[in-house]
Amino acid sequence: MVIYDSVQKKKVLFEPIVENEVKIYVCGPTVYDDAHLGHARSSIAFDLLRRVLVALGYNVTFVKNFTDIDDKIINKMKESGQSLEAITTYYIKRYKEEMHALHVNDADIEPKATENVTEIIHFIEAMLLKQVAYKTSDSIFFDTSKDTQYLSLSQRNMDESTSLARVDNNDEKKDQKDFALWKFAKVSEPSYMAPFGNGRPGWHIECSAMIEKHLASHEGMYQIDIHAGGADLLFPHHENEAAQTRCKSGQEIAKYWMHNGFVTISGEKMSKSLGNSFFLKDALALYDGEVLRFYLLSAHYRANFNFSEEDLLQSKKRLDKIYRLKKRVFDTTPSDVNAQFKQKMLEALSDDINISVALAVLDEMVAVANEHLDKNAKDKAYKATTLANILWLSPLLGIGEHDPYKYFQIGIMEDEKKEIEWLISKRNEAKKAKNFLEADAIRSQLEAKNIQLMDTPNGTLWEKVN
RNA sequence: GGCGAUAUGGCCAAGUGGUAAGGCACGAGCCUGCAAAGCUCCGAUCCCCGGUUCAAAUCCGGGUGUCGCCUCCA
């Protein structure tokens, strides 16, 4: 397996710290609002990474957190009058439902910041003891000057060109770069008891603490294999996490870093301030989750992804073809996966998740199978292998897992189905009587309802088309 | 202003030194009563300029465009 390490800025051979064991931590969402397409993209990207590593035989431990205490959530509390828990519980539930619709598997561990405050406090205490953190009147800050490696992750230079006075220079921070580990309690804001003063954790500290708790081996080894997240997290979030863990433990927090590219809409990044967020709930109301997954999956995870409905519908057609082939071979019992197909597929995915090549391998398999079945419709052994190929591939990519007949009938009610089938039988009678005018009239009638007919040797099939 | 990506046929998108994968759309054909589905065939010299090399989309230099990070952010 080769992956692109976003700190080394190149593809490197992936070698887990402990043979066959892979520990991955992905930065999850701050749960104060509905998830958008960007969350979907990131989740899908690393869900695929996880599936590939599992397929390659690794024993993967996958952790994704929920940030459930944060300024934005507190703002939401003030706006809505709801409790912190009510807000975060709601959005976590929504998030998980939407991820399931996208066929994103749950992480092995899904820690929440609020459930790890004790660990966070211990972490901060250790840093205070090592004097890499200091107290001001309202916060505890990390002292970036104590970390000689600071900024090594994002490789930026803030000393000279820090004329970027865009950051408000207030408080008693020793240095503009220092960041809050703990914010002391304010009236009407949630807070936790701590020996150094009641308050609540800053953003970056939770990940360091939870990684240590859930993934570190506790045998003096704090480093995990892969730390992943959106490209915007590299700085400052991951930089700060790395600094914290380095200063506390003397070790690097992660061996490899992976960052996914953004989803843009009309070429612009989605953001609150631009008001162009495309929420997942809205997307899922319009498109099937699997189609959305396949679309978001179809470009390399590091590339920026410009969302467009037109491209999504193009992408759907590609998925349709897989399901049509599945339909063709669905009545057989799967045998063994074609070894060459399997090898080519894993080869592509092992190259930093080269999904484009992987999908090309899949398309080739589909085309070759269709061609073969056109000429040898009764080749049961071939059908069995083809079905095996599809059934092997589906859980690897998280697509094509549905009943192929049902896939083409999404959104069709039972009584509607009966009517369609009744019309089809009427059309077939007309066809038998060579009454093609009537047969075509029925077909047009169905087409008007977005029902496409296909006459095959095994009878007339129908699909709902967009 | 600093830093980092990226620029491939109508659209989406691989490929990082040896004469451009794949998908969608388009066109032609096979199949079909006709369609649909499926299959076959058909299209690009890779943003511009200069350089290195026997050989570059692929390396180097200089431009231009687009996007992102530097502030919460997947």
Side-chain angles (χ1 to χ4, degrees), chain A residues 6 9 11 26-30 32-33 35-46 64 67 70-72 75 151 154-168 203 228-237 259-264 267-273 277 295 298-306 308 310-321 324-325 327-328 348 351 354-364 366-375 431 434-437 439-440 443-444 447 451-456 460-463 465:
Chain A
S6 37
K9 293 189 194 302
K11 282 188 190 175
V26 180
C27 288
T30 300
Y32 71 106
D33 202 353
H36 53 62
L37 289 177
H39 294 107
R41 161 112 148 122
S42 183
S43 298
I44 290 168
F46 298 119
K64 181 153 84 175
T67 298
D70 170 270
D71 289 347
K72 293 186 292 294
N75 287 340
L151 300 181
S154 53
Q155 293 164 30
R156 59 188 71 218
N157 185 349
M158 290 181 88
D159 306 319
E160 297 144 29
S161 58
T162 310
S163 55
L164 47 82
R166 298 176 62 182
V167 193
D168 50 339
W203 175 33
D232 52 348
L233 296 180
L234 181 56
F235 185 86
H237 185 54
H259 292 92
N260 66 277
F262 290 109
V263 176
T264 57
E268 276 183 323
K269 181 185 170 185
M270 288 187 292
S271 75
K272 273 280 152 76
S273 50
S277 294
Y295 173 51
S298 65
H300 189 84
Y301 74 92
R302 270 188 286 121
N304 280 160
F305 193 104
N306 190 43
S308 96
E310 193 189 332
D311 295 343
L312 182 142
L313 294 176
Q314 282 187 8
S315 179
K316 179 182 182 299
K317 291 185 179 178
R318 203 173 187 178
L319 182 59
D320 289 349
K321 288 179 77 164
R324 285 199 192 102
L325 178 63
K327 204 153 53 166
R328 250 183 129 165
D351 181 14
N354 192 332
I355 191 67
S356 293
V357 170
L359 292 181
V361 170
L362 173 57
D363 287 330
E364 193 200 353
V366 171
V368 169
N370 275 321
E371 188 184 6
H372 184 91
L373 294 173
D374 278 352
K375 291 172 188 156
K431 273 175 65 183
K434 307 242 182 234
N435 186 351
F436 295 123
L437 271 171
D440 291 352
R443 188 169 63 198
S444 305
E447 271 170 7
I451 303 300
Q452 182 68 59
L453 299 188
M454 283 172 281
D455 293 326
T456 78
T460 303
L461 302 179
W462 62 275
E463 291 178 3
V465 293

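Numbers restart at 1 for each chain; the letters A, B, ... are given by sequence-line order, proteins then strands.
- Rounded to whole angstrom, the span from the CD1 atom of A:Ile451 across to the C1' atom of B:A35 amounts to 16 Å.
- B:U71 and B:A56 are spaced 44 Å apart, taking the P atom of each and rounding to whole Å.
- Per the geometry, CG belonging to A:Asp363 stands 15 Å off C1' belonging to B:C39, to the nearest Å.
- A donor-acceptor contact under 3.5 Å links the side chain of A:Asp440 to the base of B:G33.
- For A:Asn354 (side chain) and A:Ala348 (main-chain N/O), no donor-acceptor pair under 3.5 Å exists by modelled atom type.
- Counting non-hydrogen atoms under 4.0 angstrom, A:Glu268 reaches the backbone sugars and phosphates but no base.
- To the nearest angstrom, C1' of B:G38 lies 10 Å from CG of A:Leu373.
- Within the nucleic acid shown, A:Gly38 comes within 4.0 Å of at least one base atom, counting heavy atoms only.
- Under the Watson-Crick and G-U wobble criteria, each requiring two contacts below 3.5 Å, nucleotide B:C42 is left unpaired.
- For B:G1, the paired base is B:C70 (Watson-Crick or G-U wobble, both distances below 3.5 Å).
- Taking atom CG on A:Asp71 and atom P on B:U71, their separation rounds to 15 Å, with Å as the unit.
- Taking atom P on both nucleotides, B:A7 is separated from B:A13 by 10 Å, rounded to a whole Å.
- Pair assignment for B:U53: none, as no Watson-Crick or G-U wobble contacts are both less than 3.5 Å.
- At a threshold of 4.0 angstrom between heavy atoms, the contacts of A:Asn260 include nucleobase atoms, whether or not backbone atoms are also involved.
- Residue A:Glu463 contributes atom CD, which lies 7 Å from atom C1' of B:A37 at whole-angstrom precision.
- For A:Ser6, the side chain to side chain contact (heavy atoms under 4.5 Å, CB included) partners at least two apart in sequence or on another chain are A:Tyr4, A:Trp257, A:His259.
- Under the 4.5 Å side-chain criterion, counting only non-hydrogen atoms from C-beta, A:Asp232 is in contact with A:Lys269.
- The CG atom of A:Asn304 sits 11 Å away from the C1' atom of B:G4 (whole-angstrom rounding).
- If you check B:U32 for Watson-Crick or wobble pairing at under 3.5 angstrom, you find it has no partner at all.
- Base pairing of B:C47 is made with B:G63, judged by Watson-Crick or G-U wobble geometry with both donor-acceptor distances under 3.5 Å.
- The residue A:Ala231 sits apart from the nucleic acid: no heavy atom pair falls under 4.0 Å.
- Going from atom CG of A:Asn306 over to atom C1' of B:A7 covers 14 Å, rounded to whole Å.
- Here A:Lys431 lies in heavy-atom contact (under 4.0 Å) with a base.
- One N or O donor and one acceptor, one from the side chain of A:Arg443 and one from the base of B:A35, sit under 3.5 Å apart.
- Every residue meeting the side chain to side chain contact (heavy atoms under 4.5 Å, CB included) condition with A:Lys72, not counting sequence neighbours, appears here in chain and number order: A:Thr30, A:Tyr32, A:Asp70.
- Residue-level contact check: A:Asp232 touches the bases, meaning some heavy atom is under 4.0 Å from a base atom.
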Between the protein and nucleotides 25-32 of chain B, which nitrogen or oxygen pairs are less than 3.5 angstrom apart?
unit_1	atom_1	unit_2	atom_2	d
B:A25	OP1	A:Lys317	NZ	3.2

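- Both distances falling under 3.5 Å, in either a Watson-Crick or a G-U wobble arrangement, place B:C24 opposite B:G10.
- Residue contacts for A:His259: at a heavy-atom cut-off of 4.0 Å it reaches no nucleic acid atom on any strand shown.
- Of the possible donor and acceptor atoms, none in the side chain of A:Ser315 sits under 3.5 Å from a partner among the backbone N and O of A:Asp311.
- The backbone N or O of A:His39 sits nowhere less than 3.5 Å from a side-chain atom of A:Ser42 that would complete a donor-acceptor pair.
- For B:G65 and B:G22, the P atoms lie 34 Å apart once the distance is rounded to whole Å.
- Computed from coordinates, the A:His300 NE2 to B:G15 P distance equals 8 Å when rounded to whole Å.
- In this structure, A:Thr30 reaches the sugar-phosphate backbone alone: every heavy-atom distance under 4.0 Å involves primed, P, OP1 or OP2 atoms, never a base.
- A:Val361 comes within contact range of no nucleotide atom at all, as no heavy-atom separation falls under 4.0 Å.
- Counting any heavy atom pair closer than 4.0 Å across all strands shown, A:Leu233 reaches sugar-phosphate atoms only and no base atom.
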